[in-house]
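Reading through the structure tokens given below for one structure.
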2 protein chains.
Amino acid sequence: MSSSQMLKGILDGCLLGIIHKGETYGYEMIEKLEIYGFRMVSEGSIYPVLMRLQKDGFVHSVMKESPSGPKRKYYTLTPAGEEEYEQFKERWESLSHSVNRLVKEEN
Amino acid sequence: MSSSQMLKGILDGCLLGIIHKGETYGYEMIEKLEIYGFRMVSEGSIYPVLMRLQKDGFVHSVMKESPSGPKRKYYTLTPAGEEEYEQFKERWESLSHSVNRLVKEEN
DNA sequence: CATGCTATCTTGTATTACAAAGTAGCAGTT
DNA sequence: AACTGCTACTTTGTAATACAAGATAGCATG
């Protein structure tokens with residue numbers, strides 16, 4: 001039972017959420033996740049997720065020049081991605097309420 | 001991205017929580033999970049978890065007669081199990097706050 | 001030209017939820 | 001007695017997926 005196991009099935013929804021807030025690229029998403037409090041989400045975790053999201057038609061990507069450094073792959077949500085994000089939020093609401101009822105219940 | 005993936009790393013903590021509330025057995029835990037709102041957590045999910053928890057020394061089990069039906073394996077938390085449950089709650093707090101910041105943030 | 005930061009991708013591994021199937025006890029009905 | 005359905009636990013195989021580790025490469029600064 002580790003923290004990383006708890007991320008399963010949540011990470012992809014969180015990435016949809018971050019892209020939903022505005023076009024962004026992989027490397028920057030890692031920094032944003034850290035700001036939200038996610039500890040040590042590594043590149044090896046998110047790049048495969050981004051590719052899966054694209055394969056499933058939830059995101060669209062464009063290569064753009066960086067003002068300094070290598071090119072960046074910027075992601076945006078497709079309509080299907082917006083819909084998927086809405087569904088993720090509902091699933092998260094349901095799950096987190098269940099866990100909180102259990103964990104915070106007095107007795 | 002399915003609901004079942006979101007359970008990963010959470011189910012074992014929830015089982016610790018249910019046992020923490022009082023001695024109980026596998027079949028009954030499934031019913032209790034349903035009451036808390038967990039949808040369709042099947043036997044094939046929880047029995048392997050219970051065996052892992054026992055192997056790791058977090059729970060102790062005793063076979064007892066049922067007033068009707070086959071014998072039941074009743075579980076209780078060991079001190080290490082109580083400690084593990086406390087740590088799970090902290091990890092859950094941290095993770096759920098991070099996700100909620102992301103998901104509920106206005107922008 | 002060497003170092004370090006930025007940026008992406010790939011491979012292999014470990015974890016784990018779950019479907020499916022099996023075993024078996026007991027109660028009530030036919 | 002045989003059948004049906006509920007209770008109760010176990011095992012096997014599969015699919016999903018987070019992540020470590022490593023590879024590749026552009027750019028800037030000293």
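Every heavy atom of this structure was used, including side-chain atoms; hydrogens, water molecules and symmetry mates were not. To find a chain, count down the sequence lines: A is the first, B the second, and so on, and within it residues start at 1.
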Which of the following nucleotides, [options], is nearest to the side chain of [X]?
| X | options | answer |
| --- | --- | --- |
| A:Arg52 | C:dC18, D:dA18, C:dT16 | D:dA18 |
| B:Leu7 | C:dT8, D:dA18, C:dC18 | C:dC18 |
| B:Glu43 | C:dC9, C:dA17, C:dA21 | C:dA21 |

When the distance from [atom1] of [X] to [atom2] of [N] is rounded to whole Å, what number comes out?
| X | N | atom1 | atom2 | result |
| --- | --- | --- | --- | --- |
| B:Met6 | D:dA16 | CE | C1' | 14 Å |
| A:Met29 | C:dA7 | CE | P | 12 Å |
| B:Tyr27 | C:dG25 | OH | P | 17 Å |
| B:Glu34 | D:dT7 | CD | P | 11 Å |
| B:Lys64 | D:dA8 | NZ | P | 14 Å |
| A:Leu95 | C:dA17 | CG | C1' | 13 Å |
| B:Ile46 | C:dA20 | CD1 | P | 18 Å |
| B:Met51 | D:dC9 | CE | C1' | 8 Å |

Does a salt bridge link [X] with [Y], judged by any charged N lying under 4.0 Å from a carboxylate O?
| X | Y | answer |
| --- | --- | --- |
| A:Glu86 | A:Arg91 | no |
| B:Lys21 | A:Glu105 | yes |
| A:Glu23 | A:Lys64 | yes |

It should be established whether [X] places a side-chain nitrogen or oxygen under 4.0 Å from OP1 or OP2 of nucleotide [N].
| X | N | answer |
| --- | --- | --- |
| B:Tyr25 | D:dA8 | yes |
| A:Tyr47 | C:dT8 | yes |
| A:Ser42 | D:dA20 | yes |

Inset, instruction - For DNA chain D, determine which residues of residues 65-74 of chain A have any heavy atom closer than 4.0 angstrom to one of its atoms, and list them numerically. - result: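 Per residue number, the list reads A:Gly69, A:Pro70.
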Legend entry - Heavy-atom closest contact (A:Leu33 atom, A:Ile18 atom, distance): CD2-CD1, 3.6 Å
Legend entry - Upstream residue (5' side of DNA chain C) when A:Gly44 and B:Lys8 are each assigned their closest nucleotide: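 This one resolves to A:Gly44.
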Inset, instruction - Looking at every strand, decide which applies to B:Ser45 at a 4.0 Å heavy-atom threshold: base, sugar-phosphate, or nothing. - result: base
Legend entry - Set of residues satisfying side chain to side chain contact (heavy atoms under 4.5 Å, CB included) with respect to B:Glu43, sequence neighbours excluded: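 Residues passing side chain to side chain contact (heavy atoms under 4.5 Å, CB included) with B:Glu43: B:Tyr27, B:Ile30, B:Tyr47.
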Inset, instruction - Check whether any side-chain N or O of B:Arg72 sits under 3.5 Å from a backbone N or O of B:Tyr25 as a donor-acceptor pair, and report yes or no. - result: no
Inset, instruction - Tell me yes or no: between the side chains of B:His60 and B:Gln54, is some donor less than 3.5 Å from an acceptor? - result: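 No, B:Gln54 and B:His60 have no side-chain donor paired with an acceptor closer than 3.5 Å.
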